[in-house]
Novice: 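Have a look at the structure that comes next, please.
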Amino acid sequence: MPELPEVETVRRGLEPAMSGVRIDRLEVRRPDLRFAFPDRFAERVSGRTIVGLGRRAKYLLADLDDGEVLVMHLGMSGSFRTERQDVADVPGHFHHARSKAAAHDHVVFHLSGGATVTYNDPRRFGYMLLVPRAELAEHAMFRDLGVEPVGNTLDAAYLEDAFRGRFTPLKAALLDQRIIAGLGNIYVCEALHRSGLSPRREAGTLSPARPRKVAGARATQLVTAIREVIAEAIEAGGSSLRDHIQADGSLGYFQHTFRVYDREGEPCPTPGCAGTVRRIVQSGRSTFYCPRCQR
DNA sequence: AGTAGAACCTGAGCGC
DNA sequence: TGCGCTCAGGTTCTAC
C-alpha cells in the first residue's frame, strides 16, 4: 500500500504521539511479520524513549534513547492507529475508546501517558528491525538506496546518468529503489503521465550519449513531474491527517484522486488529449497510461 | 549484468 | 450464499 507520501503522512501523524515519549511496554503478538522479529525484540524496545521519528524512502525510523533505530516498513498493507484512553473528560476532545484488538494487530506500543499505537498488517509484508544508529547507512536495507524524490540530489543530470545505456522500460527504471528511493507503482504511473513519457520507452533514450552540461528537456520534465506528484501527495496526506486522524485514529490510508492510476478506459485527463487510459502489465505489475499523449 | 517472473500472505471484488 | 478466479500501493529470490 504505502509509497513515500503515505509513509511520510504516517510519520507526521505518529510524531505527536510518539516523539519524546517513553514506550512503557511493547506488545508483540506473533513471532514474525515478513521476517522474524529481532531477538528479544519486546524486551529491547520496552522502557526506551523515542528520541525522534524520521523517514528514509518508504522506511519509518524511530530513534531510541539507547542509540538503536527501530526500522519499520509497512509492506503492502501495513497501517498504524493511535488510541488514547485519558482524554475522555476533556471537553470537546474526541475520545478514542480503547478498542479490542482487531484482526492482524501484530504490534502494540503502550506509551507512557496511556496512549497506544497499534501496527496492523493483514498481508504481513511489512517488518521491523533494530539497527544501531551508526550502522544504519551501511545496513543492507539502506546502503543501495537511491536519492529521495523530493530533495536536492534528484535532478535531470542525475537521472540521465542513472538511465544511460539502460534498455529497461522507464516504468521499471523508476520503480528501481537504487535510483530513486520511495516511488511505487501509483506515483510512477502518475509522474510518467504528467511528463508525457511512455512507461514503455527505454530508460536510456532520455540520456544523451555523452553527459552534457545542460540536461535534456525530457529528463527535466520527468524530474519536475516526479517532484510535483510526490509533493502534492504529501500535501494531500497532510490535509487528510487534519480531517481524518481525530475521527478514527488510523494512519496509512488516505483518499486521493489519480489522473491515470486505476482509471482504465476513462478519457485521458490531459487537456486537449482525446486518448483513453489503458492498462498494461509490465514486469508483473499494472501500468496505467495514455498511449496518445505519452511518448 | 540486467531483466522477467515467481514467491511471500490475506482480503476484496467479480462472474457464475 | 458460495465458489473460484484475479487483483492489490512492496521487496527479494531465482532463473534465463
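Here is the naming used below: chain letters follow the sequence lines, and residue numbers restart at 1 for every chain.
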Novice: Rounding to the closest angstrom, what is the interatomic distance between dC7(C) and dG5(B) at atom P?
Specialist: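 Pairwise P distance, dC7(C) against dG5(B), rounds to 14 Å.
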Novice: When you compare dC3(C) with dC9(B), how far apart are their P atoms, in angstrom units rounded to a whole number?
Specialist: 23 Å
Novice: OP1 or OP2 of dG10(C) sitting under 4.0 Å from any side-chain N/O of His73(A)?
Specialist: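 No, outside the criterion.
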Novice: Do the rings of Tyr59(A) and His73(A) sit parallel, tilted or perpendicular, given the 30° and 60° boundaries?
Specialist: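 Rings of Tyr59(A) and His73(A): perpendicular, as their planes differ by over 60°.
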Novice: Rounded off to whole Å, could you give me the CZ-to-P distance for the Phe258(A) and dG9(C) pair?
Specialist: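 So the two atoms are 10 Å apart, to the nearest Å.
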Novice: So, is Ser286(A) near the phosphate of dA8(C), with a side-chain N or O under 4.0 Å from OP1 or OP2?
Specialist: yes
Novice: Hey, is Phe125(A) stacking on dC8(B)? Ring centres under 5.5 Å, planes under 30°.
Specialist: yes
Novice: Taking atom types as they are modelled, would you say the side chain of Arg34(A) forms a donor-acceptor pair with the base of dT11(C) within the 3.5 Å cutoff?
Specialist: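 It does, because a donor-acceptor pair links the side chain of Arg34(A) to the base of dT11(C) below 3.5 Å.
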Novice: If you measure from the P atom in dA6(B) to the same atom in dT6(C), how many Å do you get, rounded?
Specialist: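 The answer is 13 Å between these two P atoms.
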Novice: Between Arg295(A) and Ser198(A), do the side chains contain a donor N or O and an acceptor N or O under 3.5 Å apart?
Specialist: no
Novice: Classify the ring geometry between Tyr261(A) and Phe288(A) as parallel (under 30°), tilted (30 to 60°) or perpendicular (over 60°).
Specialist: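 Perpendicular, since the angle between the ring planes exceeds 60°.
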Novice: Looking across every strand, which nucleic acid part, if any, lies under 4.0 Å from Gln177(A) by heavy atom: base, sugar-phosphate, or nothing?
Specialist: sugar-phosphate
Novice: Respond yes when some side-chain nitrogen or oxygen of His104(A) is under 4.0 Å from OP1 or OP2 of dC9(B), and no when none is.
Specialist: no
Novice: Would you say Phe142(A) and Leu136(A) make side-chain contact, with heavy atoms under 4.5 Å?
Specialist: yes
Novice: Starting at atom CG of Asp144(A), determine the distance to atom C1' of dT11(C), rounded to an integer number of angstrom.
Specialist: 13 Å
Novice: Is the distance from OP1 or OP2 of dG9(C) to the nearest side-chain N or O of Tyr187(A) less than 4.0 Å?
Specialist: no
Novice: Just how far is it from atom CE of Met128(A) to atom CG of Leu60(A), taken to the nearest 0.5 Å?
Specialist: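 Here the rounded value is 9.0 Å.
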Novice: What integer distance in Å separates Leu174(A):CG from dG9(C):C1'?
Specialist: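 In whole Å, dG9(C) C1' and Leu174(A) CG are 16 Å from each other.
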Novice: Is the Phe37(A) ring parallel, tilted or perpendicular to the Phe41(A) ring (thresholds 30°, 60°)?
Specialist: parallel
Novice: Does Arg285(A) make a side-chain N or O approach to OP1 or OP2 of dG5(B) shorter than 4.0 Å?
Specialist: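 So the side chain of Arg285(A) is outside the cut-off, no N or O lying under 4.0 Å from OP1 or OP2 of dG5(B).
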Novice: Compare side-chain N and O positions of Arg166(A) against OP1 and OP2 of dA1(B) and report whether any pair is under 4.0 Å apart.
Specialist: no
Novice: Glu202(A) has an atom CD; how far is it from atom P of dG2(B), in whole Å?
Specialist: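 In whole Å, dG2(B) P lies 14 Å from Glu202(A) CD.
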Novice: Choose from dT11(C), dG11(B), dG9(C) the nucleotide whose nearest atom is closest to any side-chain atom of Tyr261(A).
Specialist: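 Output: dG9(C).
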Novice: dT11(C) P sits how many Å from Asp176(A) CG, rounded?
Specialist: 11 Å
Novice: Could you identify the nucleotide paired to dA7(B), looking across every strand shown and requiring Watson-Crick or G-U wobble geometry with both distances under 3.5 Å?
Specialist: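 Matched dA7(B) with dT11(C) under the 3.5 Å cut-off.
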Novice: Figure out the OH/C1' separation between Tyr127(A) and dT11(C), and round it to whole Å.
Specialist: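 One finds 7 Å between C1' of dT11(C) and OH of Tyr127(A), rounded.
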Novice: Taking atom types as they are modelled, is there a donor-acceptor pair under 3.5 Å from the base of dA8(C) to the side chain of Arg123(A)?
Specialist: yes
Novice: Tell me the interatomic distance from Ile179(A), atom CD1, to dG2(B), atom P, rounded to whole angstroms.
Specialist: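 It is 10 Å, rounded to the nearest whole Å.
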Novice: Any side-chain N or O of Lys58(A) below 4.0 angstrom from OP1/OP2 of dG9(C)?
Specialist: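 Checking Lys58(A) against dG9(C): no side-chain N or O falls below 4.0 Å of OP1 or OP2.
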